[in-house]
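Encoded as structure tokens, the structure appears first; notes follow it.
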Number of protein chains: 2
Amino acid sequence: MLQTRLIAPADNAYSYPLLIKRLLLSGARYEKTREIVYRDRVRHSYATFTERVARLANVLTEAGVKAGDTVAVMDWDSHRYLECMFAIPMIGAVLHTINIRLSPDQILYTMNHAEDRFVLVNQEFVPLYQSVAGQLTTVEKTLLISDTEAKSADLPNLVGEYESLLAAASPSYDFPDFDENSVATTFYTTGTTGNPKGVYFSHRQLVLHTLAMASTMGSLDSIRLMGNDDVYMPITPMFHVHAWGVPYVATMLGIKQVYPGRYEPDMLCRLIREEKVTFSHCVPTILQMVLNAPNAQGHDFGGLKMIIGGSALNRSLYELAKSRGIQLTAAYGMSETCPLISAAYLNEQLRAGSEDERTTYRIKAGIPVPLVETAIMDDHGNFLPADGESQGELVLRAPWLTQGYFREPEKGAELWQGGWMHTGDVATLDSMGFIDIRDRIKDVIKTGGEWLSSLELEDLISRHAAVREVAVVGVPDPQWGERPFALLVLREEGGLDAKALKEHLKPFVEQGLINKWAIPSQIAVVTEIPKTSVGKLDKKRIRADIAQWQASGSAFLSTL
Amino acid sequence: MLQTRLIAPADNAYSYPLLIKRLLLSGARYEKTREIVYRDRVRHSYATFTERVARLANVLTEAGVKAGDTVAVMDWDSHRYLECMFAIPMIGAVLHTINIRLSPDQILYTMNHAEDRFVLVNQEFVPLYQSVAGQLTTVEKTLLISDTEAKSADLPNLVGEYESLLAAASPSYDFPDFDENSVATTFYTTGTTGNPKGVYFSHRQLVLHTLAMASTMGSLDSIRLMGNDDVYMPITPMFHVHAWGVPYVATMLGIKQVYPGRYEPDMLCRLIREEKVTFSHCVPTILQMVLNAPNAQGHDFGGLKMIIGGSALNRSLYELAKSRGIQLTAAYGMSETCPLISAAYLNEQLRAGSEDERTTYRIKAGIPVPLVETAIMDDHGNFLPADGESQGELVLRAPWLTQGYFREPEKGAELWQGGWMHTGDVATLDSMGFIDIRDRIKDVIKTGGEWLSSLELEDLISRHAAVREVAVVGVPDPQWGERPFALLVLREEGGLDAKALKEHLKPFVEQGLINKWAIPSQIAVVTEIPKTSVGKLDKKRIRADIAQWQASGSAFLSTL
């Protein structure tokens with residue numbers, strides 16, 4: 001380490017750790033009358049919100065929650081979840097956001113693994129909670145969240161009901177200072193194999209992520225994604241990477257926030273319209289669902305700006321959203337990255353391009369936000385050039401990456417190699433730093449000695465007018481090693497078989513975009529494509545389904 | 001300290017210190033073709049700029065500069081200064097930005113006190129440097145900066161000339177990681193008594209300041225002060241708090257930057273026009289100078305946004321700028337605060353107010369930017385209420401405040417009391433967090449047992465049509481303790497004596513804005529008001545001048 005001149009050590013009287021409580025010093029103070037809305041049920045001002053954060057801290061402290069304890073939440077996206085995102089870390093405890101879309105077994109696993117001591121349970125999840133309660137090894141107390149007048153429920157060691165407890169608690173709390181490297185949040189990410197893995201983020205990491213996100217949302221690009229005048233509603237679950245961390249940004253800037261509870265397309269459209277939502281974000285499948293909702297058909301989304309992440313954004317969805325008045329910007333991140341790594345902001349040069357070129361870049365993973373360092377590596381850990389052509393595993397350094405997986409040092413050592421976080425994504429980087437994700441390493445299809453990107457093929461297939469959704473996976477083939485297989489959901493009016501798909505793809509072969517081995521020799525048309533709990537294509541299940549159909553000679557299959 | 005759960009300690013393989021070099025990972029990479037302009041002489045792309053930073057690092061390293069060394073710069077505002085703001089801290093050295101407006105004796109004092117080992121000297125300052133060179137105790141080498149073709153000068157231990165050395169150096173440098181608490185910059189602030197004091201800022205502090213500034217400039221308020229499309233030119237010296245830190249923000253965001261050298265109004269207007277500058281910042285006196293410049297008279301400033309800080313922004317200057325097409329926003333900070341503390345962003349409620357109300361708030365010190373904690377205290381260290389009326393000393397906590405004065409522990413202990421930085425400014429805070437600076441503690445006038453704000457009186461006097469500039473100080477008075485004294489510069493067409501000023505102020509007494517003791521019984525009309533090296537009213541010299549005039553019965557005086 002270089003012998004630089006150091007300022008006074010961080011533990012002196014002047015130190016000022018980066019703590020989540022400090023995100024309440026700006027917007028929450030000067031936009032006191034701005035609203036935080038929950039469905040059509042609750043409207044709170046920021047003044048009330050900050051009081052409720054203090055009340056919740058008092059409730060938890062009186063219930064025995066101590067710094068270092070893990071407090072879990074099972075709730076739909078709500079004002080209460082936002083209150084938990086502040087109050088729980090602000091007393092030095094760890095917020096565990098339970099993925100309520102996991103199976104009961106997986107939920108049980110994550111709660112025991114995270115060592116949850118205290119759980120807030122929405123009324124609707126009481127039966128689920130009861131089904132696992134007997135096997136929970138660390139939970140000491142529960143607290144009921146109710147959307148109705150219910151003040152009690154059959155929950156073990158119930159402290160009481162959220163609203164009643166908050167009403168009775170003091171609206172002020174002297175939130176302490178502590179080490180900024182204290183864990184603030186944890187949640188579990190499901191891989192394709194094995195148990196869910198727990199990632200975790202510190203106060204320092206969340207504060208830096210919030211600042212970096214805020215500094216790009218307002219300042220980069222010609223689009224001001226989120227400014228003080230905007231109205232924000234996430235359509236990404238709050239249990240999933242803190243709704244991508246945007247609620248922290250919105251709160252820091254004092255922006256009106258709308259929380260939709262569970263994702264009913266009618267309610268989402270109604271809130272967008274009635275609360276005048278101008279900024280949101282979600283995964284492609286959820287956007288697809290909203291646009292297809294019956295209630296949304298006559299709806300003018302004009303002026304809505306959205307960030308799309310979680311999976312690749314394809315051109316047809318981009319164009320469809322545009323035709324409905326929604327400006328999309330792709331972004332890239334993952335559970336392990338807090339999550340923001342990059343967004344498809346266009347630089348001056350790209351903004352001057354044709355509309356077609358601009359779209360090409362708007363749907364890529366984008367350029368890294370400030371402080372993020374990116375590189376691509378080959379299988380042997382050698383760096384590859386940022387020439388827009390060399391493909392390698394995307395590796396990262398940034399101030400807000402999970403430092404490992406909780407109580408899984410071996411898996412953490414796989415994630416972090418040589419000081420770089422390994423994403424498992426195959427990407428190219430160009431000279432502007434633009435990231436183009438080509439595939440998940442494990443989803444790359446190896447056919448006839450060539451590597452084929454499943455994502456690229458999905459994009460080309462999705463351009464067919466009859467295709468609503470598509471998933472491409474590699475299936476074992478005795479002659480070629482693997483062959484691409486396409487699983488399709490069609491639009492009502494459409495029809496498509498393997499032969500027609502080949503005709504659709506031929507021009508792309510002729511243009512040199514793909515080689516002829518990329519044309520699937522077998523496809524299946526289904527009514528729904530399996531998704532993971534966070535709405536991504538579940539390629540593990542898709543492969544299993546295909547294997548079963550192939551074994552049974554299913555009528556789903558269409559072969560060249 | 002609470003027993004929270006800590007993530008892996010900061011010195012593990014995954015640590016990622018907040019270093020200035022990381023500000024080059026975003027904008028400087030994806031806006032490679034954007035320009036950095038120096039007067040009408042030099043235009044570099046960002047790609048060239050980042051290469052030049054590496055070249056400069058190589059030049060300095062080869063000249064023997066080591067981590068922890070202090071490297072001083074004597075230059076006008078330029079692309080070279082920007083290069084120094086990156087290259088010097090990025091090799092672990094400390095950048096000392098010499099205030100070239102100080103007297104030679106003071107410059108000598110600061111260079112010896114800061115322990116400068118290496119000095120970059122602009123050709124124009126060679127005579128100045130030569131005049132102090134014999135008494136410099138720590139400087140080992142010099143480097144010439146030249147705006148002409150001069151490749152050499154009579155400087156002791158001269159390494160060479162900046163451009164020639166850069167041209168010969170390698171355009172790449174492997175910038176190391178080190179502790180984020182390493183000092184990156186230092187400079188000296190002149191108080192009213194004693195020697196200049198050295199403040200200093202770490203990499204961590206500058207990175208956090210940059211992020212917090214960026215996150216408000218784009219996102220708060222309805223005005224997007226600085227976004228990717230803007231063109232930035234500082235009119236605040238780079239030796240003074242790194243031109244308020246904005247060059248770091250502009251570089252992080254890849255924004256076009258224009259550096260004007262010395263402040264010649266004609267050149268400033270020309271650059272604003274020809275380079276299409278849209279965002280700038282300065283102190284009120286410099287704005288006054290620009291607006292009054294002959295060359296600026298026919299100039300349309302439409303679209304220019306400016307932050308005004310350093311001294312109070314009065315309503316008449318705000319209105320004058322507005323009539324010329326410039327949107328001003330006041331901001332508050334000081335050398336000790338890196339400097340940004342607050343800016344006069346308007347919240348939703350204030351934006352809905354009348355134009356007059358909006359102006360009232362646009363010229364105040366404003367609301368704290370994210371992460372900044374403010375309070376007001378009485379003389380005994382008790383906190384006072386944020387009721388918009390109670391006046392006390394403004395005290396601060398933030399992640400980017402100087403931790404003391406270099407080699408002056410006693411003065412540092414005065415600055416930091418009870419964990420709060422004491423600003424020496426008297427202020428009110430209102431319930432929205434708006435800061436209204438009433439005066440410097442030492443400039444408050446105590447007359448007839450009442451406290452009177454010199455700033456408030458200056459604001460009211462400046463509303464007289466004949467007044468171009470005004471300074472109010474308290475002068476000793478045997479009967480009243482102190483009495484206010486107004487020093488005036490008048491517009492060409494105007495005329496004003498103490499009696500006429502009394503008539504002007506009477507309505508404000510009747511409205512209850514000030515009491516009758518506030519009316520000065522003596523004034524002086526002069527052609528220029530003494531200013532400090534950074535353009536603030538030099539009240540110390542003003543008091544001395546007045547004492548001399550009063551002693552000699554000068555004709556300058558006009559008495560009631």
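Note on naming: letters A, B, ... go to the chains in the order of the sequence lines (proteins, then strands), and numbering restarts at 1 for each one.
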### Query
Within a strict 4.5 Å, meaning less than it, do heavy atoms of the A/Arg29 and B/Thr374 side chains meet?
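A/Arg29 reaches B/Thr374 side chain to side chain.
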### Query
Should A/Leu25 and B/Arg397 count as side-chain neighbours, where that means a heavy-atom distance under 4.5 Å?
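No, too far: nothing below the 4.5 Å cut-off.
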### Query
Closest approach of A/Tyr16 and B/Arg204, non-hydrogen atoms and distance?
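Closest approach of A/Tyr16 to B/Arg204: O-NH2, 3.8 Å.
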Pairwise distance [atom1]([X]) to [atom2]([Y]) - rounded to 0.5 angstrom:
{"X": "A/Tyr345", "Y": "B/Leu253", "atom1": "OH", "atom2": "CG", "answer": "10.5 Å"}
{"X": "A/Asn347", "Y": "B/Tyr30", "atom1": "CG", "atom2": "OH", "answer": "8.5 Å"}
{"X": "A/Leu24", "Y": "B/Leu371", "atom1": "CG", "atom2": "CG", "answer": "11.0 Å"}
{"X": "B/Thr210", "Y": "A/Leu211", "atom1": "OG1", "atom2": "CG", "answer": "11.0 Å"}
{"X": "A/Gln349", "Y": "B/Arg34", "atom1": "CD", "atom2": "CZ", "answer": "11.0 Å"}

Proximal component of [X], with respect to chain B [non-hydrogen, under 4.5 Å]:
{"X": "A/Leu18", "answer": "both"}
{"X": "A/Val207", "answer": "side chain"}
{"X": "A/Pro176", "answer": "side chain"}
{"X": "A/Val183", "answer": "both"}

### Message
Side chains of A/Asn228 and B/Arg351: any donor to acceptor distance under 3.5 Å?
### Response
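Indeed, the side chains of B/Arg351 and A/Asn228 share at least one donor-acceptor pair under 3.5 Å.
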### Task
Report the option among B/Gly27, B/Gly68, B/Ser182 that has the most heavy-atom pairs separated by less than 4.5 Å from atoms of chain A.
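When all of B/Gly27, B/Gly68, B/Ser182 are compared, B/Ser182 has the most.
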### Query
For the candidates B/Lys21, B/Arg22, B/Glu31, which exhibits the highest count of non-hydrogen atom pairs separated by less than 4.5 Å from chain A?
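Top option by heavy-atom pairs under 4.5 Å: B/Glu31.
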For chain B, find which of [options] contributes the most heavy-atom pairs closer than 4.5 angstrom.
{"options": "A/Ile91, A/Leu19, A/Leu208", "result": "A/Leu208"}
{"options": "A/Glu373, A/His203, A/Lys32", "result": "A/Glu373"}
{"options": "A/Gly92, A/Gly433, A/Pro399", "result": "A/Pro399"}

### Message
I want to check a possible cation-pi pair here: B/Arg5 against A/Phe406, using under 6.0 Å from ring centre and within 45° of the ring axis as the test.
### Response
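That pair qualifies as a cation-pi contact.
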### Message
Under the side chain to side chain contact (heavy atoms under 4.5 Å, CB included) test against A/Ser26, which residue among B/Ser342, B/Pro368, B/Ser215, B/Pro370 passes?
### Response
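Answer to the side chain to side chain contact (heavy atoms under 4.5 Å, CB included) test with A/Ser26 among B/Ser342, B/Pro368, B/Ser215, B/Pro370: B/Pro370.
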### Message
Is it the case that the side chain of B/Lys66 and the backbone of A/Gln3 share a donor-acceptor pair, with hydrogens and angles ignored and the cut-off at 3.5 Å?
### Response
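Looks like no, no N/O pair under 3.5 Å.
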